Amino acid sequence: FPSHDSIPSGVVASFDSWGRVTVRWNAVAGAAAYDVVLSRGSAVYAAGRVTGTSASTSGCVPRMSGLTVTVRAVDAAGRTGSWSAATAVR
């Protein structure tokens with residue numbers, strides 16, 4: 001992914017009524033998967049690779065200020081794009 005267009009846009013992250021975090025973003029052309037990281041500062045609360053344009057934590061996440069999500073695209077060869085800007089969980 002050599003271009004700026006490979007950075008996922010439209011990232012939105014929110015808590016659901018059960019305390020899980022759901023993240024959605026716009027697709028990147030050529031992406032086979034996406035890496036998603038939920039963190040606060042240097043502490044990572046959840047991370048994984050998904051094939052769609054949304055992801056949710058499997059369990060509850062503590063509601064706290066400073067919790068953010070970043071997403072990057074991964075192509076079929078495993079090459080990764082740049083991380084999106086950190087998006088606050090609402």
Side-chain angles (χ1 to χ4, degrees):
F1 284 117
S3 74
H4 181 71
D5 294 339
S6 66
I7 299 171
S9 63
V11 179
V12 176
S14 59
F15 283 101
D16 67 16
S17 57
W18 295 280
R20 295 176 299 205
V21 174
T22 298
V23 186
R24 292 182 176 79
W25 57 91
N26 297 324
V28 170
Y34 299 88
D35 290 333
V36 184
V37 175
L38 174 67
S39 62
R40 181 176 184 229
S42 61
V44 174
Y45 287 88
R49 182 166 285 182
V50 298
T51 55
T53 56
S54 66
S56 296
T57 58
S58 58
C60 296
V61 174
R63 290 180 185 260
M64 63 184 87
S65 62
L67 199 59
T68 62
V69 173
T70 52
V71 182
R72 71 179 176 185
V74 183
D75 70 11
R79 295 175 298 206
T80 57
S82 297
W83 289 102
S84 64
T87 299
V89 179
R90 303 282 179 209

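In what follows, every heavy atom counts, from backbone to side chain, and hydrogens, waters and symmetry copies are set aside. Note that this is a predicted model, so its numbers are computed, not measured. Positions are given from 1, in the same order as the sequence printed here.
- Closest of all the heavy-atom pairs between Leu67 and Pro62 is CD2-O, 4.0 Å.
- When each of Val11, Val69, Val28 is tested with Ser84 by the rule side chain to side chain contact (heavy atoms under 4.5 Å, CB included), just one qualifies, namely Val11.
- Residues that satisfy the salt bridge (charged side-chain N to carboxylate O under 4.0 Å, His left out) test with Arg72, not counting sequence neighbours, are Asp35.
- When each of Thr70, Val71, Val36 is tested with Pro8 by the rule side chain to side chain contact (heavy atoms under 4.5 Å, CB included), just one qualifies, namely Val71.
- Applying the salt bridge (charged side-chain N to carboxylate O under 4.0 Å, His left out) criterion to Arg40, with sequence neighbours excluded, gives no partner residue.
- In this structure Ser9 satisfies the side chain to side chain donor-acceptor pair (under 3.5 Å) test together with Asn26, sequence neighbours excluded.
- For Ala88, the side chain to side chain contact (heavy atoms under 4.5 Å, CB included) partners are Arg90, not counting sequence neighbours.
- Under the ring-ring contact (aromatic ring centres under 6.0 Å, His included) criterion, the residue pairs touching residues 31-59 are Trp25-Tyr34, with sequence neighbours excluded.
- Taking every heavy atom of both residues into account, Ser6 and Gly81 meet most closely at OG-CA, 4.0 Å.
- Within the hydrophobic cluster formed by Ile, Leu, Val, Met, Phe, Trp and Tyr side chains joined at under 4.5 Å, directly or through other members, Trp83 is accompanied by Val37, Val44.
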Which donor-acceptor pairs under 3.5 Å do the side chains of residues 52-61 make with protein atoms, sequence neighbours left out?
from  : atom 1 : to    : atom 2 : distance (Å)
Ser56 : OG     : Thr22 : OG1    : 3.1
Thr57 : OG1    : Val21 : N      : 3.0
Thr57 : OG1    : Gly59 : O      : 2.9

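- Pairs engaging residues 10-20 under the side-chain hydrogen bond (donor to acceptor under 3.5 Å, both in side chains) rule: Asp16-Arg20 [sequence neighbours left out].
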